[in-house]
Amino acid sequence: MSLAGSRPIIAIPGPSPVPDRVLRAMHRVSPDIYGDHLAAVNAGLIDGLRWLAGTAGTVVPYIGNGHAGWEAASANLLSPGDAVLVLVSGRFGEGWAELLRMQGMAVEVMDFGATAPDPARVAERLAADTARAIRAVCVCQIDTASSVQADIAGLRAAMGDHPALFVVDAIASLGCAPMRMDDWGVDVLIAASQKGLMCPPGCSFLWLSDRAASMPATVLTTPWWDMRPRMNAQALWQFWGGTPPVQHIFGLTEAIAIMREEGLEAVWARHRALAEMVAAAFGCWSAGGDMALNVADPAARAASVTAARLAGADGLRGWLAEKAGLTLGIGLGAADPANALRVAHMGDAGAVQMLGVLGAMQAGMAARGIAHGPGALDAAAGVVARRA
Ligand SMILES: *Cc1c(COP(=O)(O)O)cnc(C)c1O
């Protein structure tokens, strides 16, 4: 039999759960896309996106997923042959490097495995670039495959006065982990609608520093991808490169309203506490079982997702989906994917939900004979008691 109930829980790192308020805001007939109302809502959304990223810079939208955001950034700012340094801490960083290579960039990867990119090594590499040939430094703030979180402020400081653009993939971190784009000196920020922004997939955004926004088009810049008409748009269709994604504009607006009500610092602190709950549970389980968090250094653990090695993960995930109505993430990019999983705590996630996720995981381990140490749920509850 199954004890799933009628409302399954999705704890995969994107698309993340969409709050009922966002679903309701999106559930409407299409308005006049040439009318003032939608234009005003869109203007409010852009303000909200600036607030979320901590920038007074320019926001450029695309209808597309995170990959579209990647491609939009490089298609506007880089040319084939340009030297690009990609700091990799997992599968998403690798995928980004592949995309840049396919666009013809001279990609150099610095691979940090399941650790955060080391600012000292980055500083050393850039100092050796006396010709200033490196045009961009790219890094995922959170690599969703490994669940490594990079120190964005530290990496920017490590770049010193090197003129390379600092390009940050915040697809799995915006609205989950701190982002102070202007204070930290990020030139290009990339994010998409379906992770920390709590909406369905379908929109991605670039945030640009004044320096990035004023760069000339490159040979890769084709009309639809060109960010300049979007930056100078008089009408919604110019801003979005065609018909605007009406329901997403309403949904994203509502999602940002929810975050404004909670407060951005509180949103970040909640994600950090949820990550600590998962880490505390794994700490107890692993004392009596064959499992371990992917990221050893607590300071490098992602706020929005936790990857782990766990013997029997595939069977456990199947059991949870069928018996408990819980879907966990697959072990993406893991050395042994059948024995790896990811627990997302991204966007619309809270203490009760995470206690439920961890409780169901423990039930599944018991049911499937996966050995695990005691005390995990007490430890997770203890985090809630201390942090709430
Ligand atoms: C999800 C994700 C992507 C890719 O986004 P898609 O919407 O799947 O194209 C890129 N980078 C990171 C860090 C992600 O988490």
Side-chain angles (χ1 to χ4, degrees), residues 10-18 52-53 61-75 84 86-103 107 109 111-112 114 116-117 136-152 155 166-179 181 186 188-207 225 245 248 251-252 255 271 275 294-295 300-307 327-334 341-347 349:
I10 298 286
I12 61 172
S16 67
V18 181
L52 198 55
Y62 290 88
I63 292 178
N65 54 20
H67 283 76
W70 278 347
E71 185 148 348
S74 37
V84 179
V86 186
L87 313 179
V88 171
S89 297
R91 182 64 207 122
F92 282 94
E94 284 169 15
W96 195 4
E98 279 161 23
L99 182 144
L100 289 161
R101 238 178 250 122
M102 284 187 260
Q103 287 180 310
V107 174
V109 164
D111 196 336
F112 296 90
V137 175
C138 298
V139 65
C140 294
Q141 184 176 22
I142 289 177
D143 193 302
T144 325
S146 63
S147 72
V148 167
Q149 183 168 326
D151 171 9
I152 299 301
L155 290 169
F166 188 37
V167 186
V168 176
D169 169 339
I171 296 171
S173 54
L174 191 68
C176 306
M179 174 47 65
M181 181 176 168
V186 175
V188 183
L189 194 72
I190 305 167
S193 52
Q194 80 276 20
K195 300 194 184 180
L197 273 61
M198 304 185 287
C199 283
C203 289
S204 53
F205 300 94
L206 303 184
W207 289 252
W225 291 101
H248 269 82
L252 285 161
H271 281 88
N294 201 36
V295 182
R301 288 180 190 151
S304 59
V305 58
T306 301
T327 302
L328 295 181
I330 59 169
L332 188 66
L341 51 73
R342 290 174 302 155
V343 182
H345 26 92
M346 180 182 280

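Note that ligands are numbered from 1 as they come in the structure, with each ligand's atoms numbered from 1 the same way. Below, each value reflects all heavy atoms present in this structure, side chains not excepted, and no hydrogens, waters or symmetry copies.
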(request) Nearest 0.5 Å please: distance from the OG1 atom of Thr144 over to the CD1 atom of Ile171. (result) 7.5 Å
(request) Return the option from Ile171, Thr144, Val139 holding the heavy atom at the smallest distance from atom 15 (O) of ligand 1. (result) Thr144
(message) Is Gln194 close enough to touch ligand 1? Criterion: a residue heavy atom under 4.0 Å from a ligand atom.
(response) yes
(request) Could you give me the CA-CA distance, side-chain angles and deciding distance for Glu94 and Arg101, then say whether salt bridge (Lys or Arg N to Asp or Glu O under 4.0 Å) is met? (result) CA-CA 10 Å; Glu94 284 169 15; Arg101 238 178 250 122; over 6 Å; no
(message) Quick one, Val186 with Trp207, criterion side chain to side chain contact (heavy atoms under 4.5 Å, CB included). Give me CA distance, side-chain angles, the key distance, then yes/no.
(response) CA-CA 9 Å; Val186 175; Trp207 289 252; over 6 Å; no
(request) For Gln141 and Pro178, indicate whether the former's side chain and the latter's backbone hold a donor-acceptor pair under 3.5 Å. (result) yes
(request) Report the part of Asp143 in contact with ligand 1, treating N, CA, C, O as backbone and CB onward as side chain, heavy atoms under 4.0 Å; options are side chain, backbone, both, neither. (result) neither
(request) Go through ligand 1 atom by atom and flag the ones less than 4.0 Å from a non-hydrogen atom of Trp70. (result) 10 (C), 11 (N)
(request) List every atom of ligand 1 that sits less than 4.0 Å from any heavy atom of Ala172, numbering the atoms from 1 in the order shown and giving each element. (result) 15 (O)
(request) Enter the distance from Arg342:CZ to Leu332:CG here, rounded to the nearest 0.5 Å. (result) 4.5 Å
(message) Just to be sure I read this right, does ligand 1 sit under 4.0 Å from the backbone of Asp169, its side chain, both, or neither, counting only heavy atoms?
(response) side chain
(request) Identify, by atom number and element, the atoms of ligand 1 in contact range of Lys195, meaning under 4.0 Å from any of its heavy atoms. (result) 1 (C), 2 (C), 3 (C), 14 (C), 15 (O)
